[in-house]
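Taking it in order: structure first as structure tokens, then the write-up.
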Amino acid sequence: MTDTAFSLLKPELDSASGIALWIADENLLNQTSRVNPDVTVISNRLDLCQQLESAGWHSLFSDFDFTAYADHSVDKILYRVSKEKPVVHHVINQAIRILKPGGKLCISGLKNEGIKTYLDKAKKLFAGQIEQSKSDKNTWMGILQSPGAPDTELLEDHDYTTLREVATDENFSYISKPGVYGWNKIDKGSAFLIAELPRFIERLPQKPETALDLGCGYGYLSLNCAPLGCRITATDNNAGALKACQENFRLRGIDAEVIAADCADGIAGRFPLILCNPPFHQGFGIEGDMTDRFLDATRNHLQADGIACFVVNLHIPLERKARKRFSTIETIADNGSFKLVLLAQPK
Ligand SMILES: C[S@@+](CC[C@H](N)C(=O)[O-])C[C@H]1O[C@@H](n2cnc3c(N)ncnc32)[C@H](O)[C@@H]1O
């Protein structure tokens with residue numbers, strides 16, 4: 001589906017020249033645009049970087065890391081706003097640092113994503129220098145011209161780049177940061193899965209030697225699985241999540257591998273144990289096929305005698321979707337909000 005906010009930005013992307021950056025996140029998956037060789041794409045999503053690279057764009061996969069860009073070195077920045085406010089504020093704050101005086105920040109978004117508030121805040125920071133346009137009553141774009149230095153205090157980005165302790169339970173304290181899924185809390189579904197993990201594990205013929213944490217986020221499932229003594233491979237496609245997960249492992253002395261991958265693509269081998277709390281939202285949209293993709297990845301990475309432990313919201317038809325991929329599908333618990341599903345015998 002065409003994203004109207006991105007459509008509004010496209011002419012600015014097409015005409016960008018000099019040193020230009022396109023800040024792209026998950027909302028832009030499957031959106032197409034003519035390649036502009038002057039533009040470098042920065043994205044925190046590996047799948048988006050791979051998609052744009054194969055279309056001919058030059059892309060950098062990072063947690064929206066702008067440290068390689070010196071102060072006042074960039075001519076133009078293009079940004080269709082992200083879902084999380086700290087990410088948007090981080091990008092706007094960095095824009096004013098790295099744009100040349102007179103350089104332009106073009107931001108677009110929809111009304112229900114808070115674009116008007118973002119434009120108001122950016123306008124103050126950019127000393128009032130803004131040109132606004134809209135393509136319909138919901139879709140807005142602002143082109144801000146850098147005055148060289150911020151005119152007011154920078155926007156609250158919750159210290160975007162810093163990893164910090166965000167949650168504690170009886171087992172661990174967890175390190176995370178803005179930009180990571182559910183960054184400042186323990187996911188209730190994942191906590192339910194861990195509480196019931198022994199019920200899954202008793203179904204294995206022997207102690208698992210390895211485990212795959214599919215969509216690891218900051219590593220909550222991996223950390224809580226580590227006491228089983230298996231070697232863990234944790235994977236995600238979000239740069240911030242991988243950074244946080246790596247740090248949690250380092251702090252706890254867990255010898256595990258953290259791999260950037262799109263739905264475990266390219267990860268070799270099969271595992272006796274797979275843990276997964278799959279995403280079902282993608283950016284501002286809801287992508288029905290995310291569950292299918294995670295189920296496919298599980299089928300492709302599960303050992304013949306292994307088990308996969310999934311937690312999903314009750315309304316997700318995981319069992320039905322799993323039927324063509326696994327011979328054993330059992331809902332082993334539900335707590336009124338989430339259900340735990342055991343998958344085995346990949347077809
Ligand atoms: C519901 S969260 C679970 C996070 C973590 N396992 C936990 O329990 O807190 C889903 C995770 O899947 C990741 N994800 C989304 N799409 C992905 C993809 N295509 N490939 C790999 N990971 C993905 C997200 O970045 C997010 O960290």
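No experiment lies behind these values; they were computed from the predicted model shown. Below, each value reflects all heavy atoms present in this structure, side chains not excepted, and no hydrogens, waters or symmetry copies. Counting convention: from 1, in listed order, for ligands and their atoms alike.
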Worksheet item: Can you find an N/O atom of Ala241 closer than 3.5 Å to an N/O atom of ligand 1?
Response: no
Worksheet item: When only distance counts, is Asn238 in polar contact with ligand 1, meaning an N/O pair under 3.5 Å?
Response: no
Item to complete: Establish, from distance only, whether the side-chain atoms of Ser173 and Thr168 form a donor-acceptor pair under 3.5 Å.
Response: no
Worksheet item: Is Phe294 near ligand 1, meaning one of its heavy atoms is under 4.0 Å from it?
Response: yes
Item to complete: Give the atoms of ligand 1, by number and element, whose distance to some non-hydrogen atom of Cys263 is under 4.0 Å.
Response: 18 (C), 19 (N), 20 (N), 21 (C)
Discussion item. Taking the cut-offs as 6.0 angstrom to the six-membered ring centre and 45 degrees off its axis, would you call Lys185 and Tyr181 a cation-pi pair?
Written reply: yes
Discussion item. As an exercise, identify every atom of ligand 1 less than 4.0 angstrom from a heavy atom of Ala261.
Written reply: 20 (N), 21 (C)
Discussion item. Side chain or backbone, does Asp262 bring an N or O within less than 3.5 Å of an N or O on ligand 1?
Written reply: yes
Practice prompt. Answer whether the closest heavy-atom distance between the side chains of Cys49 and Trp57 falls below 4.5 Å.
Written response: no
Item to complete: Give yes if a backbone or side-chain nitrogen or oxygen of Gly215 is under 3.5 Å from a nitrogen or oxygen of ligand 1, and no if not.
Response: yes
Discussion item. If we count only N and O atoms by modelled type, under 3.5 Å, do the side chains of Asn112 and Asn138 hold a donor and an acceptor together?
Written reply: no
Worksheet entry | Note: Lys85-Glu156 ion pair, threshold 4.0 Å (strictly below) | no
Worksheet item: Between Asn237 and ligand 1, is there a nitrogen or oxygen pair with a distance under 3.5 Å?
Response: yes
Practice prompt. Just jot down the ligand 1 atoms closer than 4.0 angstrom to any heavy atom of Cys216, in number order.
Written response: 5 (C), 6 (N)
Worksheet item: Going by the atom numbers of ligand 1, which of them fall below 4.0 Å from some non-hydrogen atom of Ser190?
Response: 7 (C), 8 (O), 9 (O)
Discussion item. Any nitrogen or oxygen of Asp236, side chain or backbone, less than 3.5 Å from one on ligand 1?
Written reply: yes
Per-pair distances, 0.1 Å, donor-acceptor, side chain in residues 114-131, under 3.5 Å, sequence neighbours excluded:
unit_1: Lys121; atom_1: NZ; unit_2: His89; atom_2: NE2; d: 3.2

Discussion item. Can you name the atoms of ligand 1, numbered from 1 with element, that are less than 4.0 Å from a heavy atom of Leu221?
Written reply: 6 (N), 8 (O)
Worksheet item: Centre of Phe326's six-membered ring, under 6.0 Å away, within 45 degrees of the axis: is that where NZ or CZ of Lys347 sits?
Response: no
Worksheet item: Got a sec, which pairs hit side chain to side chain donor-acceptor pair (under 3.5 Å) with one end in residues 206-220, sequence neighbours left out?
Response: Asp213-Ser222
